[in-house]
Every structure is written in structure tokens, then in C-alpha cells.
Amino acid sequence: MEVVIAPGPELGRLAASAIEQLVREQPDTVLGLATGSSPLAVYDELARRHAEHDLSFARVRAFMLDEYVGLAADHPERYRNVIEKEIASRVDFAPGAVQGPDGLAEDLVAACAAYEEAIASVGGVDLQLLGIGTDGHIAFNEPGSSLASRTRIKTLTRQTREDNARFFGGDIDQVPQHCLTQGLATIMSARHLVLLATGRGKAEAVHQLVEGPVSAMWPATILQHHPHVTVLVDDAAASRLQLADYYRETFAAKPDWQGL
């Protein structure tokens, strides 16, 4: 696991550079897209590079991490619509290239199985963007989630719904109680995981992720078992890291050609 501590705006540029390098070297790459506030700077930077530097996503396919259950197809906070607004409509993805779990399916269990099959059918995800919740969840894998889980239906904790209420006018009652989410094992199947976290509110979760024991109580800690994880954090999110100075020294001494 590589930990990079840098100012907030630089984190988005670093993640975008990793994606750009991958897309230019492998135009038919498969990306994993996350929602929430953490990846917004990445999407802004990718859209800028598409517009100004001819970075093309025409052959790229992408899969979303999760989706609320039951939100209307035109609801602005339905994650498919969020991804369309924040990145898909701003670059040149081909029609149908971005897929997400179907939170409006009549048979949600079958929809989860079909989503797993869709990811497997393209050879899996090459680079997966991730955020982290204050309680250590990634995607919607809440504390107590099986470390071997696959795409499935989950009930959201009150903490997650309170955190996400800001997207629903501050009204927790408007936040759905259920979701479809890639499981921890599904996420772990991606070849490169890039996790972003900013702000002091994420400091404890980042500390557990990087330096704590692997535990279902902090689901993100499973990433310690992945061979290629990049954790991008600002000073506030890194404030609980015991080895923060070492992580800074390591990144400062890294050769430019090595990349993330």
C-alpha cells in the first residue's frame, strides 16, 4: 500500500494522471467509478484533459460501485445520474459504456448476479476509484460486511445516511435505506485501487485503513491485502497516521517514472 500525503487539489491531479497514463497506454481499459465528494476533483481534471489535451475515453468501459434502491430514474441523486453529470457527459464515453447496478430492478438479487457477470465478462476492472466513509466503509460495504462479499443488497447504517443527507437537502428521511453495492471481494478483484480521502472527519478511518488490523468492523482495511493500492490523502485526513513522516519521505524519494 502506497500512502501519498499532498494538498487537496494535488490529489485529484495525481489520480487523474494515473488514469490518463492507463487510458493512453491501454485505450480499451476498464475503469471503476465512484460517487461522493472524494472523486469530484478527479473528474474535473479528467474532463479538462479531455477538452484540452485530447484524452479520449471512446474505447473505455466503466462500472459504478453502487446504487441506491428505489430512487426514481430521473432523481438527481440516483448514482447513475450523478455519474452522468460529473464525468460521463463531459467526456466521450461511447453509448452504454458506463454501467451500474440496477436499483430499480424487480429482482434485485438477479440484478446483482448480472452485474457481477458483466464485470467478469470484460476481464475485470483495471483501475478502481474509491472513497472511504467516516466509519471505514468503501462503496456501501458497511461495518460488519463480509470480507469475501460480492455485489449484493445492503441496508445502510444511520451514520452513512446522516453523512449522505447533505445530498438530500439535509433530510435523512429522504436517503434510501437500501442499496446495491459491489462487494469487498469484487472491489479487491480490480488490478489497481486508488482511494482518496480529505478532511479531518476521515482521519480515523484512514488511520484504520492504513495502520489498523484487518477487520470487518473497518471494511476498508481489507485493502491491506491488495497488491496495488494507492491511498491519496490531504494533511487533515492524514493527521492520525503514526507513520505520516515516513509516507511523506517515501513519496518524495520516488522516481518520477515509477508513477502511482
Side-chain angles (χ1 to χ4, degrees), residues 2 4 6-67 73-102 115 118-119 121-132 138-139 167 182 186-187 189-199 228-234 251 254 256-260:
E2 179 180 29
V4 179
E10 181 63 16
L11 302 179
R13 289 191 289 271
L14 287 169
S17 292
I19 293 171
E20 178 177 12
Q21 180 179 351
L22 180 61
V23 170
R24 291 197 186 278
E25 293 176 353
Q26 184 180 326
D28 60 348
T29 195
V30 180
L31 297 178
L33 303 178
T35 50
S37 56
S38 295
L40 294 182
V42 184
Y43 297 151
D44 286 343
E45 184 65 14
L46 290 174
R48 185 188 69 80
R49 296 182 189 199
H50 167 69
E52 298 178 9
H53 301 289
D54 298 319
L55 176 61
S56 176
F57 293 80
R59 294 173 57 194
V60 174
R61 286 162 294 184
F63 290 88
M64 295 164 45
L65 277 174
D66 41 32
E67 182 59 272
D74 61 351
H75 195 290
E77 293 307 320
R78 182 174 181 247
Y79 281 167
R80 185 63 187 83
N81 297 331
V82 172
I83 286 294
E84 179 68 20
K85 174 186 175 183
E86 299 298 346
I87 183 62
S89 65
R90 301 169 70 189
V91 298
D92 59 338
F93 280 117
V98 179
Q99 299 183 53
D102 185 1
Y115 197 58
I119 296 173
S121 71
V122 298
V125 172
D126 294 302
L127 186 151
Q128 174 69 61
L129 285 176
L130 296 168
I132 186 170
I138 52 174
F167 301 115
Q182 287 189 32
T186 311
I187 293 168
S189 297
R191 284 172 274 283
H192 183 191
L193 304 176
V194 178
L195 184 146
L196 299 98
T198 58
H228 191 189
V229 179
T230 305
V231 177
L232 302 172
V233 292
D234 64 3
F251 185 67
K254 187 174 183 178
D256 291 340
W257 53 263
Q258 194 169 352
L260 292 182

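- In this structure, Ser38 OG and Leu129 CG are separated by 10.0 Å, a value rounded to the nearest 0.5 Å.
- The line from CD1 of Ile132 to OG1 of Thr198 is 12.0 Å long, rounded to the nearest 0.5 Å.
- Checked by atom type and distance alone, the side chain of Arg191 pairs as donor or acceptor with a backbone atom of Gly124 at under 3.5 Å.
- Residue-environment remark: NZ (Lys85) stays at or below the threshold of 12 foreign heavy atoms within 6.0 Å.
- Side-chain N or O atoms of Asp92 include one that pairs as donor or acceptor with a backbone N or O of Phe57 at under 3.5 Å.
- For the side-chain hydrogen bond (donor to acceptor under 3.5 Å, both in side chains) test, no residue two or more places apart in sequence or in another chain qualifies with Asp102.
- Here Ile119 contributes atom CD1 and Gln182 contributes atom CD; the two are 4.0 Å apart, rounded to the nearest 0.5 Å.
- The side chain to side chain contact (heavy atoms under 4.5 Å, CB included) with Ile87 is formed by just one residue from the set Leu33, Asp44, Leu31; it is Leu33.
- Shown here are the side-chain hydrogen bond (donor to acceptor under 3.5 Å, both in side chains) partners of Arg49, two or more places apart in sequence or in another chain: Ser17, Glu20, Glu45.
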May I have the step-by-step check of side-chain hydrogen bond (donor to acceptor under 3.5 Å, both in side chains) for Thr230 and His192, ending in yes or no?
CA-CA 8 Å; Thr230 305; His192 183 191; 2.9 Å; yes
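- The ring-ring contact (aromatic ring centres under 6.0 Å, His included) test applied to Tyr115 returns Phe63, not counting sequence neighbours.
- With hydrogens and angles disregarded, no donor-acceptor distance shorter than 3.5 Å links the side chain of Asp234 to the backbone of Pro7.
- In this structure, the side chain of His75 engages the main chain of Glu77 through a donor-acceptor pair within 3.5 Å.
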